Number of protein chains: 2
Amino acid sequence: MGSAEQPGIVGSIAHRVPDLGALELLLAVARLGSLGAAARELGITQPAASSRIRSMERQLGVALVDRSPRGSRLTDAGALVTDWARRIVEAAAAFDAGAQALRDRRDSRLRVAASMTIAEYLLPGWLLALRAQRPDTAVSLHAGNSAAVAERLLSGEADLGFVEGLTVPGGLDSAVIAHDHLVVVVAPGHVWARRRRSLAASELASTPLILREKGSGTRQVLDTALGGLARPLIELSSTTAVKAAAVSGAGPAVLSELAVGEELALRRLVGIPVEGVALARDLRAVWPTGHRPTGPARELLSLTRG
Amino acid sequence: MGSAEQPGIVGSIAHRVPDLGALELLLAVARLGSLGAAARELGITQPAASSRIRSMERQLGVALVDRSPRGSRLTDAGALVTDWARRIVEAAAAFDAGAQALRDRRDSRLRVAASMTIAEYLLPGWLLALRAQRPDTAVSLHAGNSAAVAERLLSGEADLGFVEGLTVPGGLDSAVIAHDHLVVVVAPGHVWARRRRSLAASELASTPLILREKGSGTRQVLDTALGGLARPLIELSSTTAVKAAAVSGAGPAVLSELAVGEELALRRLVGIPVEGVALARDLRAVWPTGHRPTGPARELLSLTRG
DNA sequence: ACTCCCCATAAGGCCAGTTTATGCCCCCAT
DNA sequence: ATGGGGGCATAAACTGGCCTTATGGGGAGT
């Protein structure tokens with residue numbers, strides 16, 4: 001690492017955060033109460049675990065575990081660190097579940113097609129649950145808009161689909177699996193953030209907004225709710241881009257609450273109540289008319305409803 | 001969460017998920033549109049970035065980036081992977097912000113004391129926001145129950161505190177910064193999950209529950225709401241342990257909605273409405289009477305929306 | 001054509017993490 | 001008391017991944 005130590009602006013966080021293996025090890029230690037047991041579970045030797053925990057403590061500058069000849073318990077700081085670490089590892093598990101489904105395997109027993117918002121925010125969790133229940137089910141995933149989902153289902157390239165629009169594409173049966181609603185959000189510095197009254201539909205319709213492109217489920221719902229009048233300030237091709245633009249203060253955006261939950265909680269964005277507009281939408285599972293999901297597809301479907 | 005730390009048959013997820021540095025690089029490529037530019041931003045050379053992205057694609061079995069002599073753009077699959085990766089990196093950034101506050105003890109310009117739930121779920125995000133706004137503010141953090149927070153403030157060992165109980169400890173002024181409410185949760189297989197009617201307070205009081213230990217803010221609110229009648233099925237010392245017990249079906253648990261948001265969304269737990277019990281509580285910032293927060297403390301306070 | 005910006009490949013170096021091999025400590029059962 | 005076993009630490013050697021430097025090829029604007 002010859003070039004590393006320029007003490008200027010903060011570099012990447014990767015070298016200040018222990019890697020996933022170390023965090024996973026820490027979780028195992030917390031759960032099992034012993035370095036050796038944790039090491040066995042992860043398939044490494046006890047000295048490796050010992051050394052890794054120690055170097056993590058050195059890196060963070062905090063003692064994480066209390067070692068004793070009877071085992072190891074977390075310190076107070078260690079418990080906190082472990083809770084924070086768990087969120088990273090959970091996100092990594094979701095990543096893994098999703099990524100494994102993207103690998104286009106011919107022998108997949110369940111082929112799923114989903115709209116972007118669902119694929120982005122919900123599907124990894126469902127796949128994780130499915131894996132816990134049926135570890136040997138190989139799943140493949142394709143993401144696209146409603147039309148693309150319908151096409152894959154009707155051509156037999158997918159067994160089960162998920163869409164987020166208002167209408168169900170022709171030739172498909174569906175079941176509502178969850179409800180979502182769109183929210184109007186602005187950066188905390190925006191004028192609207194200081195409003196006391198809720199927004200009138202006419203105001204929303206007459207204000208240029210940061211929007212997803214036409215054809216997206218989100219845009220479809222908004223256009224319908226406003227009677228086709230949504231005025232774009234700018235059109236972006238991903239939820240992430242819209243969020244980033246809104247956070248940076250470019251203007252008001254309309255997004256699924258799924259997409260902005262975290263931003264609202266941390267006040268990076270502020271939600272503006274709107275009156276007289278139906279911004280709710282159903283999230284639906286879809287399949288070719290008559291072909292009720294069976295086998296793995298039925299399994300996944302039942303997981304999405306609880 | 002269980003699935004994130006279940007004993008893996010296939011070994012750890014760490015070797016199936018790219019490390020944080022690679023994910024961060026991918027995010028930079030997505031944002032900047034070029035491998036070389038991303039490499040420069042992270043302070044590595046272009047061949048290193050090229051090689052790292054390539055090995056990530058090999059590991060995941062998916063093409064992530066479309067290279068051209070004019071730059072690089074994400075493939076469709078790459079966009080999805082990047083969105084999932086962003087969640088890992090965000091969790092890592094929160095971890096980093098929190099961990100740094102656990103370390104900086106001596107020369108901290110802002111010393112914070114917080115109750116466990118707040119330290120666990122909210123503080124890392126606040127610290128992240130604070131760092132974005134005032135990058136040079138060194139923060140130290142101690143977590144403990146309300147009494148410990150009060151003690152640190154009154155002894156001058158902390159400048160600002162956060163508590164979640166019903167009452168404000170003596171000698172402290174406070175400001176409500178957010179509202180939280182406790183929810184009754186059970187595993188999806190539990191009898192209560194199939195109830196149609198909401199739960200009566202008397203039923204809750206007469207059912208043995210999975211609870212935090214006495215002295216915790218959560219327990220204090222519940223005991224007060226039920227008139228001191230909460231019957232423990234088992235008492236556990238961390239929110240995480242309570243959650244894990246509830247998910248495994250051991251019985252009903254009572255937890256902050258902050259703690260179970262994800263579990264509810266993924267149906268690993270089901271919330272049970274309760275009638276006639278006030279399970280709401282305020283989250284408060286606290287400081288020694290008369291010493292209104294100034295400087296960094298005031299800055300942090302304003303981020304929490306006091 | 002010239003030049004700039006992009007990316008790929010090759011060869012060598014370095015560090016982190018791992019394994020094997022010991023040693024010490026404490027608890028408990030014989 | 002006396003082994004035995006579980007638990008952790010340290011030392012030394014190995015390995016592999018990531019980084020760097022050096023170099024080459026391809027497209028786009030001037």
Side-chain angles (χ1 to χ4, degrees), chain A residues 1-6 11-61 63-75 78 85 89, chain B residues 8 11-60 63-75 78 85 92:
Chain A
M1 62 147 11
S3 73
E5 277 80 40
Q6 187 70 25
S12 72
I13 61 167
H15 70 282
R16 278 182 286 165
V17 177
D19 63 52
L20 287 167
L23 298 178
E24 217 174 349
L25 175 62
L26 180 63
L27 295 186
V29 170
R31 185 158 36 83
L32 300 172
S34 141
L35 293 184
R40 281 193 297 278
E41 179 172 284
L42 297 186
I44 61 177
T45 60
Q46 173 267 319
S50 177
S51 147
R52 211 164 185 190
I53 293 283
R54 185 167 297 282
S55 73
M56 178 160 45
E57 289 177 315
R58 190 157 27 85
Q59 180 182 18
L60 298 178
L64 300 174
V65 302
D66 263 338
R67 294 126 171 112
S68 88
R70 281 193 325 230
S72 294
R73 284 199 57 71
L74 295 177
T75 61
V89 174
Chain B
S12 69
I13 62 166
H15 69 280
R16 275 182 290 167
V17 177
D19 63 52
L20 287 168
L23 298 177
E24 216 175 347
L25 175 62
L26 180 63
L27 295 186
V29 171
R31 185 159 36 83
L32 300 172
S34 141
L35 292 185
R40 279 193 298 278
E41 179 173 280
L42 297 186
I44 60 176
T45 59
Q46 171 267 319
S50 177
S51 148
R52 210 162 186 190
I53 293 283
R54 185 166 297 283
S55 73
M56 179 161 44
E57 289 177 314
R58 189 156 27 84
Q59 179 183 19
L60 299 178
L64 300 174
V65 169
D66 262 339
R67 293 127 171 110
S68 88
R70 275 195 328 225
S72 294
R73 283 200 59 72
L74 296 176
T75 62

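All of these numbers come straight from a predicted model, not from anything done at the bench. Chain naming here is simple, since letters A, B, ... match the order of the sequence lines and numbering starts at 1 in each.
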With sugar-phosphate meaning primed atoms plus P, OP1 and OP2, does [X] contact a base, only sugar-phosphate, or nothing at under 4.0 Å between heavy atoms?
X: B:D19; result: sugar-phosphate
X: B:S51; result: nothing
X: A:S34; result: sugar-phosphate

I need the [atom1]-[atom2] distance between [X] and [N], as an integer number of Å.
X: A:R40; N: C:dT18; atom1: CZ; atom2: P; value: 16 Å
X: A:L32; N: D:dG7; atom1: CG; atom2: C1'; value: 14 Å
X: A:L35; N: D:dG6; atom1: CG; atom2: P; value: 16 Å
X: A:R54; N: C:dA16; atom1: CZ; atom2: P; value: 16 Å
X: B:I53; N: C:dC6; atom1: CD1; atom2: P; value: 15 Å
X: A:L42; N: C:dT18; atom1: CG; atom2: P; value: 10 Å
X: A:I44; N: C:dT20; atom1: CD1; atom2: P; value: 12 Å
X: A:Q59; N: C:dA16; atom1: CD; atom2: C1'; value: 12 Å

Does [X] place a side-chain N or O at less than 4.0 Å from the phosphate oxygens OP1/OP2 of [N]?
X: A:S72; N: D:dC8; answer: yes
X: B:R52; N: D:dT20; answer: no
X: B:R67; N: C:dC6; answer: no
X: B:T45; N: D:dC19; answer: no
X: B:S50; N: C:dA8; answer: yes

Under 3.5 Å, side chain of A:E57 to main-chain N/O of A:L64, donor-acceptor pair present?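 Looks like yes, one N/O pair under 3.5 Å.
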Are the side chain of A:S72 and the backbone N or O of A:S34 linked by a donor-acceptor pair below 3.5 Å?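 The answer is no, because no donor-acceptor pair under 3.5 Å joins these two groups.
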Non-hydrogen side-chain atoms of A:L25 and A:I53 separated by less than 4.5 Å: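 Side chain of A:L25 against side chain of A:I53, heavy atoms only: contact under 4.5 Å found.
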Mark up nucleotides 22-30 of chain D, 5' to 3', with B wherever a protein heavy atom is under 4.0 angstrom from a base atom, S wherever such an atom reaches only the sugar-phosphate, and - elsewhere. B---BSS--
Selected nucleotide, minimal atom distance to A:A48 side chain, candidates C:dT19, D:dT10, C:dT9: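 That would be C:dT19.
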SB check B:E24 B:R31 (cutoff 4.0 Å):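 Salt bridge absent between B:E24 and B:R31.
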